[in-house]
Amino acid sequence: MALLEVDNLGISFGGLCAVNEFHLQIEKGCLYGLIGPNGAGKTTVFNLLTGVYKPDSGIIKLDGENMVGKKTIDINKSGIARTFQNIRIFKELTVLDNVKVGLHNHHKYTTLEGIFRLPKYFKVEKEMDAKAMELLRVFGLEDEAETLASNLPYGKQRKLEIARALATEPKLLLLDEPAAGMNPNETKELMDTIRFVRDEFDMTILLIEHDMKLVSGICEKLTVLNFGEVLTEGKTSDVLNDPEVIKAYLGE
Ligand SMILES: Nc1ncnc2c1ncn2[C@@H]1O[C@H](COP(=O)(O)OP(=O)(O)O)[C@@H](O)[C@H]1O
Ligand SMILES: [Mg+2]
């Protein structure tokens with residue numbers, strides 16, 4: 001059984017059919033790319049997977065569990081975490097506290113223990129600090145743990161957003177154009193980090209990208225979306241050599 005199973009997924013906005021009969025199967029541990037030109041419906045797929053939009057039709061299953069109709073927060077608790085095309089971090093919090101926000105989604109002490117600062121609260125807080133620092137180290141952000149997130153350079157803010165998503169201990173990590181706005185050096189470093197996260201955490205990752213070159217280097221499988229529909233899917237090398245893809249996607 002695939003970790004993520006999506007079939008016949010669709011949504012329209014007014015008269016516009018943004019996603020139509022979309023399907024996707026992702027095996028555990030796969031680094032999977034969802035590509036397509038701007039406006040193809042990629043972000044809408046993420047919004048459907050995370051419960052931001054309710055689909056008009058279709059099924060979404062994570063580890064066999066139905067996700068359709070669940071609230072965003074419950075979908076996150078079931079194991080889907082995401083980043084956004086337009087970066088979303090808590091700019092007024094420190095880098096460390098941003099990651100701890102993700103960890104708090106899974107906190108192990110009761111509200112009363114928190115309010116009265118009972119021993120369990122301190123123990124859990126300490127564990128969270130250690131876990132958050134571990135994640136910051138993966139992303140090379142440990143020296144900036146106490147820096148305000150707004151003071152980080154853009155490339156590092158993007159990394160922080162991924163670290164925070166990982167803090168919720170997802171089964172599936174969705175990254176929406178994580179390299180958007182990065183320079184070539186930052187992009188290369190980020191791609192190395194994404195590969196490392198997959199290998200080290202045995203993470204399953206679905207990566208949205210409009211730049212084909214970028215995903216071809218790291219994704220094992222691709223789905224190409226065009227005008228809201230799956231144009232083709234399969235092993236990256238097969239997809240990139242598909243004349244249909246070259247014609248429709250590259251306009252060649
Ligand atoms: N909330 C919405 N209301 C109306 N139209 C939307 C909404 N969200 C997305 N769309 C439309 O759906 C299409 C796909 O958008 P999107 O998923 O953002 O594309 P991509 O991420 O591939 O660039 C676009 O035409 C966009 O304008
Ligand atoms: Mg998008």
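Indexing begins at 1, ligand by ligand and atom by atom, following the structure's order. The figures that follow rest on heavy atoms only: side chains count, while hydrogens, waters and symmetry mates do not. Sequence positions, counted from 1, serve as the residue numbers for this chain.
Residue Ala18 approaches ligand 1 through these ligand atoms, each under 4.0 Å from one of its heavy atoms: 12 (O). Residue Asn38 approaches ligand 1 through these ligand atoms, each under 4.0 Å from one of its heavy atoms: 23 (O). Close approach of ligand 1 to Thr44 is summarised as follows: ligand atoms under 4.0 Å from at least one heavy atom of the residue are 9 (C), 14 (C), 15 (O), 16 (P), 17 (O).
Under a 4.0 Å N-O distance rule, the pair Asp192/Arg195 qualifies as a salt bridge.
Residue contacts with ligand 1 for Leu16 involve side-chain atoms from C-beta outward but no N, CA, C or O (heavy atoms, distance under 4.0 Å).
Just one of Leu222, Thr223, Leu207, Leu172 meets the side chain to side chain contact (heavy atoms under 4.5 Å, CB included) condition when paired with Tyr32; it is Thr223.
Counting protein heavy atoms only, atom 18 (O) of ligand 1 is closest to Thr43 CB, 3.7 Å. Gly41 N, 3.3 Å is the protein heavy atom nearest to atom 19 (O) of ligand 1.
Put simply, part of Tyr53 is less than 4.0 Å from ligand 1, judged by heavy atoms. Within the structure, ligand 1 has Gly39 among the residues with a heavy atom less than 4.0 angstrom away.
The distance from the CG atom of Leu173 to the CZ atom of Arg82 is 11.0 Å, given to the nearest 0.5 Å. With rounding to the nearest 0.5 Å, the separation of CD1 in Ile60 from CG in Leu4 is 8.0 Å. With rounding to the nearest 0.5 Å, the separation of CG in Leu16 from CZ in Phe227 is 11.0 Å.
On a distance-only criterion, Phe13 and ligand 1 share no N/O pair closer than 3.5 Å.
In terms of the salt bridge (charged side-chain N to carboxylate O under 4.0 Å, His left out) criterion, Lys91 has no residue partners (sequence neighbours excluded). Remark: Ile75 engages Met67, Lys70, Ile80 in a side chain to side chain contact (heavy atoms under 4.5 Å, CB included) (not counting sequence neighbours).
There is no protein heavy atom less than 4.0 angstrom from atom 27 (O) of ligand 1.
When OE1 of Gln85 and OG1 of Thr43 are joined through the Mg ion (ligand 2), the resulting angle is 90° to the nearest 10°.
Here the closest heavy-atom approach between residue Asp202 and residue Gly29 is recorded as OD1-CA, 4.1 Å.
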